[in-house]
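In what follows, a structure is listed as structure tokens, so that the remarks can point back to it.
Quick note: numbers below take in every heavy atom, side chains included, and nothing from hydrogens, waters or symmetry partners. In listed order, ligands and their atoms are each counted from 1.
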Amino acid sequence: MSETAVFSETIEQGLSAWMHRAFAEVFPETDLAALPLNVVATTDATFGDYQCNAAMSAAKLLKMKPRDVAQAVVDRAQLPDSVAKLDIAGPGFLNIHLSSDWLARRLEGVQADARLGVPAAGQGKTVILDYSSPNVAKPMHIGHIRSTVIGNALDRMHRCLGWRVLADNHLGDWGTQFGLLILGFRTFADPAAYEASPIEELERVYVASYNRSKEDEAWKTATRAELVKLQQGDPDNRKLWESFIEHSLREFDRIYTRLGVKFDLVRGESYYNAQLAGVVALLQAQGLAEESEGALIVKLEAEKLTPCLVRKSDGGYNYATTDIATVLGRTAEFKPDAIVYVTDERQQLHFKQFFTVCRKLGLTTKLQHVWFGLMRLPEGTFSTREGNVIKLDRLLDEAETRALAIVQQTSPAMPPEQQREVARAVGLGAVKYADLSQNPQSLVTFTWDKALALDGNSAPYLQYACARIASVQDKYRERFPGGEPTAHPIRLADPIERTLGLKLLRFADVLERAAEQFRPNQLADYLFDLAQSYSSFYQNLPFLKAEEGVRESRVRLCALTARTLRCGLDLLGIETPARI
Ligand code: ARG
């Protein structure tokens, strides 16, 4: 959605602005600017469509009872066109009932808008999204997979909101593992296995070398020597290192293509090598770094954090040093408004530490760590601590196979080629949605039954809903050839269609909030809720049998529901086959 925005604000933003004006009008003597006068959607329709709780906090400032504050607003505020009625509930909640006519007109505006009513809130702003970022040749663990799926959803959501997004795959392509790998590779590698399945072979070599380093001091010293040689530019080691990266990237890319993930930048840790000494010098010059037992650290006592290590006693640099260099490099080159990192929960301390060091260096760019817990996968797909690309491939294969069995059952008449294509979209969608529909910070267990359920909160359920809605539109065209739904206005006469219409109009607010809070699951919840409202609409109201005008209005609501579901799923990286 790159078209220029038709809507400059969402419904909540419009109503919140009105609330600000209303309070200012009613209480001109008191400065209420700092109060949260924001309006939010109600969860219970008996309290209207939207509500505002500001009377409670305003009451203190105004030295009045909350209910009296609310009453004064109800009595004296001017209602905008959108609002049919304003009333009070409980101790002073302001309940807003929107005009059904206004809702219907807004729906028509949204339908005519290529951006589905989503304002370009991110216009002119840049965000760098650092996600996936696996380590070359070390086992790729399940965290990288979640980071890829969640990061990509955040990527798509921000682009849709008009942000300039730079997706950067910050590969772990530098560090001590390469000493272990180079010596391990020369000693243990099987060239044929390396050709056939490079990552698997590199992982095997890495583990063998790592285990040996634990019991054999001489081996450990020798691996360090290889690392130093690599760092000093030794051509043989350099060539091996490049080959590790090239082979690994090729396999990562295969997975990314399969998952529909694209990066704008693939700058590994090694990209920042030349900057590390300068970063340390800068920290020293600013009096931030100090020696401690031969290492160089930045103390973070005031922030109640353990010190951030920036140079080891052997002169090598730390993970944090690279990350600080990366922030400095990115801010200088791209002037981003925010840099967002998506990793598993185990790195929280690391991010807190180097974010704090960046602040001490005077950097003001917003730095955000989006972390998630590790998902439990079915027995046998991954060990609890690690998985790898191969296993991820198998997981996706299994998803497609299971989906194919379902598609063959539900659509036996479909040509086999098309069945496979649908199964691919459904299987991959199921795996992604199982991940994205959960609060990232809660511990979840993946089960095939839940992921592939046709009747629960799952991707297949939503994909089927889209296809079914399309078939309603087809039926209309068959029964009423030449019928032009848009020639008739949208009307929201029945409470069920009003509920659906209202929900459709919430899309922009949900999307903005989900992006702002980095929570794709809020978008997933919304889509499921929308699909359920649709199904109640479809089951309870006559469609093709309704009188002319009502029928066309319903077909239009139907079309808008399908578009909203498709757009929302696409933002989660999930495809919607036209027919299932
Ligand atoms: N390569 C790291 C890992 O596998 C993740 C990197 C996350 N991004 C960053 N800038 N630190 O754990």
*Should Leu436 and Ile150 count as side-chain neighbours, where that means a heavy-atom distance under 4.5 Å?*
yes
*Side chains of Leu300 and Lys352 in contact at under 4.5 Å (non-hydrogen atoms)*: no
Do we see a donor-acceptor contact under 3.5 Å between the side chains of [X] and [Y]?
{"X": "Tyr256", "Y": "Asn169", "answer": "yes"}
{"X": "Thr306", "Y": "Gln353", "answer": "yes"}
{"X": "Tyr433", "Y": "Asn457", "answer": "yes"}

*Report yes or no: does Thr223 contribute a side-chain atom to a donor-acceptor pair with the main-chain N or O of Leu180 at less than 3.5 Å?*
no
Does an N or O from [X], backbone or side chain, lie closer than 3.5 Å to an N or O of ligand 1?
{"X": "Asp130", "answer": "yes"}
{"X": "His350", "answer": "no"}
{"X": "Ser133", "answer": "yes"}

Considering the heavy atoms of [X], write down every atom of ligand 1 situated less than 4.0 Å from one of them.
{"X": "Tyr319", "answer": "2 (C), 5 (C), 6 (C), 7 (C), 9 (C), 11 (N)"}
{"X": "His144", "answer": "3 (C), 4 (O)"}
{"X": "Thr343", "answer": "7 (C)"}
{"X": "Phe351", "answer": "11 (N)"}
{"X": "Gln347", "answer": "3 (C), 5 (C), 12 (O)"}

*Is it the side chain, the backbone, both or neither of Asp323 that has a heavy atom closer than 4.0 Å to ligand 1?*
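Contact part for Asp323 vs ligand 1: side chain (C-beta onward).
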*Using a 4.0 Å heavy-atom threshold (strictly under), name the region of Phe354 that reaches ligand 1: side chain, backbone, both or neither.*
neither
*Hey, would you say the Phe354 and Tyr319 ring centroids sit under 6.0 Å apart?*
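No; Tyr319 has its ring centre 6.0 Å or more from that of Phe354.
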